[in-house]
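Read through the structure below, which is laid out as structure tokens, and then see the notes.
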Amino acid sequence: MSEVSDKLQEGEAGVRGEQPFPDQVRSTEATRPDLHGLLTTSHSSSADISPSPSAESSGLLSLPWEILTHIVSYLPVHFVVNVLPKVCHALSNVGQDRTSWQLRAQRLVGLRAAFPVGPREDFDWPGACLQMEQLITCWSGEVEHVARQNQEDEERREQAMPQDGEPGVGGQDDGGEGQVGVAVAVQEVAYGADEAMEVAVEGEEGEMQHVLGGDQVARLREELEDRLEGDAAALMEEEMDHRRVFIANEGRDAVLNHQEDLPDHRNLGNGQHVEARSPSPPPALECITLPTGHIAHVNSVLLLGGEGKVCATASRDWNVKLWDLELGSLLQTMGRQGDFSSHRGWVWCLASQGPLLASGGFDSTVRLWDLQAGGADRALIRTGAAVLCLSCQPDMLLAGTFDKRVSMYDTRAAAPLVKSIRMHSNAVMCLCADDKYIISGSKDCTVAVYDRRAGKGLKRLRLSSYLLSMSYSGCEVWAGDNGGMLHSFSMQAGTLKPVSQFDVGHTALITGIHRSPGSLYTCSSDCTVKVHIPCAPPRTLSTLHYQTGVHGLSVEAGVLAIASGDVRVQVWRPRK
């Protein structure tokens, strides 16, 4: 009897898999969704675990590999990337399945959208899926709550305002409308807007590229919004009643206009109730407005440090300022000792690399500031023409100027100018670069590629509109033009190819753009900021409205900073 008992105990131990878990895996058990008892049938060594159906187990790992990867595809990306590899070898392999990531991405963008827009080789699928989940979670729900609370606060202030003998809100609004016209006029003069220009892309051989999006997509979007308006509003109201968002500031200029193509609301039109489900626990957004520190329009905003905690602003009041976003307070105004301002003209653009901050202005200078030395003045570079765009690379600064040139500067040298190239016949409005190539867009309606290593121009594309903003990451280049259209290009081995054009609803100059593998942000002089998923066509999640044209934006670590068209800067960020 004792021998039989011993064998039974050994068999039970083998089925239970009594090998202790690692401490760090045990510490995450409380937060793992739907994985209770996942390894109750695992073997004593993770190396012995096989994903094949022939494994002698009766738990989740005994399922066919295809079913297992399908189940895991419904877990949050951060869990698949950070937790499952610590559980066992078999589950760590799930996160390396390229096909499962592609299926997850397709589910997030929708069946009718193509993703990614550019090449798929070496594409960061896990990173893109993680960013898309975070973007959908933040911008598809929390902004409505923010906007609703802002409206309620505004109504309470109006009720508390004296009725007789004091100026009311209407007088202030009139002044705001006057500022709108001035701001838009100045913006169009500075950029040289041409609203009558037709938007199309012309290839090297002269053929016209097909335009995606356009009026058909706009009409389809409007029809979908009409069908979903009633049920979607009721659903979001029910969901928002269970969520609380703390607003650090009034943020009253930001009002969400609409919410489009939510994946969880596809079947609302058939009268059935569909439960809204986020792919990961949603961080609440909070909105803060920096105190009025400038006395003229803010042209550019830039988040610094990689964590979204410090922000630089450049203004038409000739100054560059640094802000502490943790405290929402001004750190300092940049400037040399004895100078009354940072520049001697409008400060138009900003760029940074490590501790170096560069500012370019209409005074035909680029000024370098050392952030590690408390913002001390590091160098003054005279460019000979107004500086319209900047890009910082390691030990190299690139400047696009009004005199049709792109100039390269060595920020370590006493005589910083390395080379000045002229690939355009009009002002250089935007540029981006990496360690191999420089891509620039000009008011002459061309886009040029320059090979830094070979020291020569590679390609020049002609468009029917000119680009004002550009974002380059991976093998994709996204740009916004003077007519409100988005352009996407693929960039491989020095070859820039136009892919598509998209109409996302902007009606004027696209003054700022930021694209990452899983997110796309755009702003325009039409007084809007839009948040999209970068698929084809882009899926717009949110639209923020402002009283004046928006001049620029910056995105870092999930934080969005907006130069909201006047003297203020607004910051949207996940609540900690």
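Residues take their numbers from the sequence shown, with the count starting at 1. Computed from a predicted model, the values in this text were never measured in an experiment.
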About how many Å separate [atom2] of [Y] and [atom1] of [X], when rounded to the nearest 0.5 Å?
| X | Y | atom1 | atom2 | result |
| --- | --- | --- | --- | --- |
| Leu380 | Leu368 | CG | CG | 8.5 Å |
| Glu556 | Ser516 | CD | OG | 12.5 Å |
| Trp318 | Ser359 | CH2 | OG | 14.0 Å |
| Met470 | Ile513 | CE | CD1 | 9.5 Å |
| Trp346 | Asp363 | CH2 | CG | 13.0 Å |
| Arg568 | Thr292 | CZ | OG1 | 6.5 Å |

Minimum-distance pair of heavy atoms, taken over all atoms of [X] and [Y]:
| X | Y | value |
| --- | --- | --- |
| Gly400 | Leu431 | N-CD2, 3.5 Å |
| Ser564 | Thr548 | O-OG1, 3.2 Å |
| Phe115 | Pro534 | CD1-O, 3.6 Å |
| Val117 | Cys535 | CG2-C, 3.6 Å |
| Ile533 | Leu108 | CD1-O, 4.2 Å |
| Ala448 | Met423 | CB-CE, 3.5 Å |

For residues [X] and [Y], determine if any side-chain heavy atom of one lies less than 4.5 Å from a side-chain heavy atom of the other.
| X | Y | result |
| --- | --- | --- |
| Trp125 | Arg120 | yes |
| Val447 | Val477 | no |
| Val555 | Ser519 | no |
| Tyr450 | Ile421 | yes |
| Cys475 | Asp122 | no |
| Leu390 | Cys392 | no |
| Tyr546 | Asp566 | no |
| Ile438 | Met408 | yes |

Legend entry - Of Phe489, Phe502, Tyr472, the residue whose pairing with Trp478 passes ring-ring contact (aromatic ring centres under 6.0 Å, His included):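 When Phe489, Phe502, Tyr472 are each tested with Trp478, the ring-ring contact (aromatic ring centres under 6.0 Å, His included) holds only for Phe502.
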
Inset, instruction - Give the intermediate values and the outcome of side-chain contact (heavy atoms from CB on, under 4.5 Å) for residues Val499 and Lys497. - result: CA-CA 6 Å; Val499 177; Lys497 295 181 179 180; 5.5 Å; no

Legend entry - Name of the residue among Met485, Met429, Lys443, His487 meeting side-chain contact (heavy atoms from CB on, under 4.5 Å) with Leu467: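 With Leu467 as partner, side-chain contact (heavy atoms from CB on, under 4.5 Å) holds for just one option, His487.
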
Legend entry - Side-chain donor-acceptor pair present, His514, Ser554, cut-off under 3.5 Å: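 Short answer, no.
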
Inset, instruction - Can you tell me which residue pairs pass the salt bridge (Lys or Arg N to Asp or Glu O under 4.0 Å) test with a partner in residues 380-395, sequence neighbours excluded? - result: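 Counting only pairs at least two positions apart or across chains, the salt bridge (Lys or Arg N to Asp or Glu O under 4.0 Å) contacts touching residues 380-395 are Asp395-Arg412.
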
Inset, instruction - Applying side-chain hydrogen bond (donor to acceptor under 3.5 Å, both in side chains), run through Ser391 and Gln393 and close with a yes or a no. - result: CA-CA 7 Å; Ser391 176; Gln393 303 297 314; 3.2 Å; yes

Backbone of [Y] reached by a side-chain donor or acceptor of [X] within 3.5 Å:
| X | Y | result |
| --- | --- | --- |
| Gln106 | Ala113 | yes |
| Arg452 | Asp434 | yes |
| Ser315 | Asn319 | no |
| Asp444 | His424 | no |
| Thr507 | Asp526 | no |
| Asn426 | Ser442 | no |
| Ser469 | Ile510 | yes |
| Arg539 | Gly110 | no |
| Thr511 | Val550 | yes |
| Arg460 | Thr446 | no |

Contacts under 3.5 angstrom, residues 302-309 side chains, donor-acceptor by atom type, not counting sequence neighbours:
| from | atom 1 | to | atom 2 | distance (Å) |
| --- | --- | --- | --- | --- |
| Glu307 | OE1 | Lys309 | NZ | 3.1 |

Legend entry - Residues Arg422, Asp403: salt bridge by 4.0 Å N-O rule: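 Looking at Asp403 together with Arg422, the answer is no, because their closest N to O distance does not fall below 4.0 Å.
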
Inset, instruction - Mark yes when over 12 heavy atoms from residues, nucleotides or ligands other than Leu417 sit less than 6.0 Å from its CG; otherwise mark no. - result: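 Yes, the 6.0 Å shell around CG holds more than 12 heavy atoms from other groups.
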
Legend entry - Over 12 foreign heavy atoms within 6.0 Å of CG, Asp435: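 Yes, the 6.0 Å shell around CG holds more than 12 heavy atoms from other groups.
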
Legend entry - All side-chain hydrogen bond (donor to acceptor under 3.5 Å, both in side chains) counterparts of Lys436, not counting sequence neighbours: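 Testing Lys436 for side-chain hydrogen bond (donor to acceptor under 3.5 Å, both in side chains), a comparison that skips the adjacent residues, returns none.
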
Inset, instruction - Mind running side-chain hydrogen bond (donor to acceptor under 3.5 Å, both in side chains) on His545 and Thr528 for me, showing each step along the way? - result: CA-CA 5 Å; His545 287 261; Thr528 64; over 6 Å; no

Legend entry - Worked verdict on Arg573 versus Ile288 for side-chain contact (heavy atoms from CB on, under 4.5 Å): CA-CA 9 Å; Arg573 62 188 179 188; Ile288 65 170; 4.0 Å; yes

Legend entry - Verdict with reasoning, Arg316 to Asn299, per side-chain contact (heavy atoms from CB on, under 4.5 Å): CA-CA 7 Å; Arg316 298 178 188 178; Asn299 287 326; 2.8 Å; yes

Inset, instruction - Assess whether side-chain contact (heavy atoms from CB on, under 4.5 Å) is satisfied between Trp139 and Leu544, documenting all intermediate values. - result: CA-CA 11 Å; Trp139 290 96; Leu544 304 176; 4.1 Å; yes

